[in-house]
Amino acid sequence: MTVSASAPSATLRAHSYFVDGLAQHSDSPLGSELPTTPADFLSRLATSGITAWVRGHSGLVGWGECTRIETAGPDRFAAADAAWRQLVAAGSVRDEVRLPGSGAIAFGSFTFADDSEQSSVLIVPRLLLGRYQGRVWLTVMSLTTDEAAATANPLNSHRPLSQHNPLRKPEAVTVRTGSLDEAGWQDAVVRVVERLRAGDAEKAVLARDVFARAAEPIDVRYVLGVLNATYPSCWTFHIDGLLGATPELLISSHRGEVRSRVLAGTYRTTGDRDADVDAARVVLSAHKDSSEHRYAIDSLTAALRPLCSTLDVDPEPFMLELANVIHLASDAHGELTQDADGSRPSSLAVAATVHPTAAVGGTPTGDAVRIIADEEGMDRGRYSGPVGWMDGNGDGEWAIALRCGQFTSEARDELRLFAGCGIVADSEPGSELEESTAKLAPMLSGLGVEM
Ligand SMILES: C=C(O[C@@H]1C=C(C(=O)O)C=C[C@H]1O)C(=O)O
């Protein structure tokens, strides 16, 4: 594990305060006019150094980096959790907002696999603008041993929302094959189906990757705007170069209340909404998709139940309509059990316990993960790992990093995109390939690629 805090004795300070009345204060450090539309807001963000977690009109946008905690290996979650706790315990937080996402905040992105070559990360931004239930606040964070520097407001030297930088649509984006080409990936599906029929496991999720390269550095603000507008029910994110919009909430926890949204079972939309909804109802109730969904719910509840005093799951799945696909979805809701000392596991610890669910791993988990390692032919990196944020009390939101891409270099002109499909014994390679293509559509259209 590498923890790169700037100094061992450095102190984290966080101050959150409402900025709703900003427009009335012409001396406001954010400028005198509040943005009026999402596009206006996005165009005022800096073109680099932005961290984002947005769903509909609520979310958190961070600027800059106070510190980062990088971890790797099987204990990547526990090590990051412990380092964050230590940082917060030694720090001081002034939270005048007291809403989910206020106070000291770290954004995070974790690898899918224990043995990934890539690291996992928690990032503490310098400034963070939050919006929840119509309230808007700012959090200023610093990590320093120097009292004067700690109390100097970074907004005095930097007015993050006061200038317009026009959004740039990515130009001339070309897509090329990743680890396996389409024929090679379908061969892998065939091999997985054979192994499932032989009894190696019941379900395994097979993913593929493609590379999308633009002529110029990609403007993440533009992509975030398209994803947020097209997928308002998804969690749209950009954390350490991982950019996407996922429909699947792994776990959120707030004052002991946990929530999760399980997806599995996918119908590809055609553009005719009424016909799609009717057809999806038939397709998704068939054996293949309903059994995939059952595995996903069972794997979540088996992992979560031991941590909870109550846990309820929707008795019947519902259809979650997105622009590109319709999923079978079930929401779970429970109460975390308190330890004897009144403490509860952090949201990251809960995420670590339930990861990987059958939605991205398979059933049984260990057997499915072995099949994936043997047949997928790639390191998934942070795709399909937990992505989200956590506060100083350990509360937070962790989604599963789906429908996303990772920048391949500092040049920021190429993203490696990923999509996966749950494979069961009666899966067909051709339709799984089409499903994976439908799951690449959000990122490709966010990059302006015609499909
Ligand atoms: C693995 C992905 O999606 C998951 C797999 C699904 C399925 O197989 O039906 C549906 C939703 C997600 O849980 C992905 O988008 O990459």
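Note that the numbering runs from 1 along the sequence shown for the chain. Every number for a ligand or one of its atoms is a count from 1 in the order of the listing. Remember, it's a predicted structure, so these values are computed and weren't measured experimentally.
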Next on the checklist: Please tell me whether W137 and Y132 form a close aromatic pair, meaning their ring centres lie under 6.0 Å apart.
Outcome noted: no

Checklist entry - Below 6.0 angstrom between ring centroids: does that apply to H355 and F112? => result yes

Next on the checklist: Give me the residue, atom name and distance of the protein heavy atom closest to atom 4 (C) of ligand 1.
Outcome noted: A359 O, 3.6 Å

Next on the checklist: Please check whether D289 reaches ligand 1 - meaning an N/O of the residue sits under 3.5 Å from an N/O of the ligand, judged on distance alone.
Outcome noted: no

Next on the checklist: Taking the six-membered ring for Trp, are F77 and F110 closer than 6.0 Å centroid to centroid?
Outcome noted: yes

Item to check | Residue list, salt bridge (Lys or Arg N to Asp or Glu O under 4.0 Å) with E257, at least two apart or on another chain | outcome: R259

Checklist outcome for this item: for atom 9 (O) of ligand 1, nearest protein heavy atom and its distance come out as T266 OG1, 2.5 Å

Checklist entry - Among protein heavy atoms, which lies nearest atom 8 (O) of ligand 1, and at what distance? => result G422 N, 2.8 Å

Checklist entry - Does A264, backbone or side chain, put an N or O under 3.5 Å from an N or O of ligand 1? => result no

Checklist entry - Looking only at protein heavy atoms, which one is nearest to atom 2 (C) of ligand 1, and how far off is it? => result G420 O, 3.3 Å

Next on the checklist: Looking at R273 and E321, is there a salt bridge between them, counting it only when a charged N and a carboxylate O are closer than 4.0 Å?
Outcome noted: yes

Next on the checklist: Quick test: of every protein heavy atom, which one is nearest to atom 15 (O) of ligand 1, and how far off is it to 0.1 Å?
Outcome noted: R403 NE, 2.6 Å

Checklist outcome for this item: atom 6 (C) of ligand 1 has as its nearest protein heavy atom K439 NZ, 3.2 Å

Checklist entry - Nearest protein heavy-atom contact for atom 12 (C) of ligand 1: which residue, which atom, what distance? => result E248 OE1, 3.3 Å

Checklist entry - If you look at every heavy atom in L311 and C308, which pair is closest and at what distance? => result CB-CB, 4.4 Å

Checklist entry - With the threshold set at 4.0 Å, does a side-chain nitrogen-carboxylate oxygen contact exist between D395 and R255? => result no

Checklist entry - Any idea which part of F418 is under 4.0 Å from ligand 1, heavy-atom wise: side chain, backbone, both or neither? => result neither

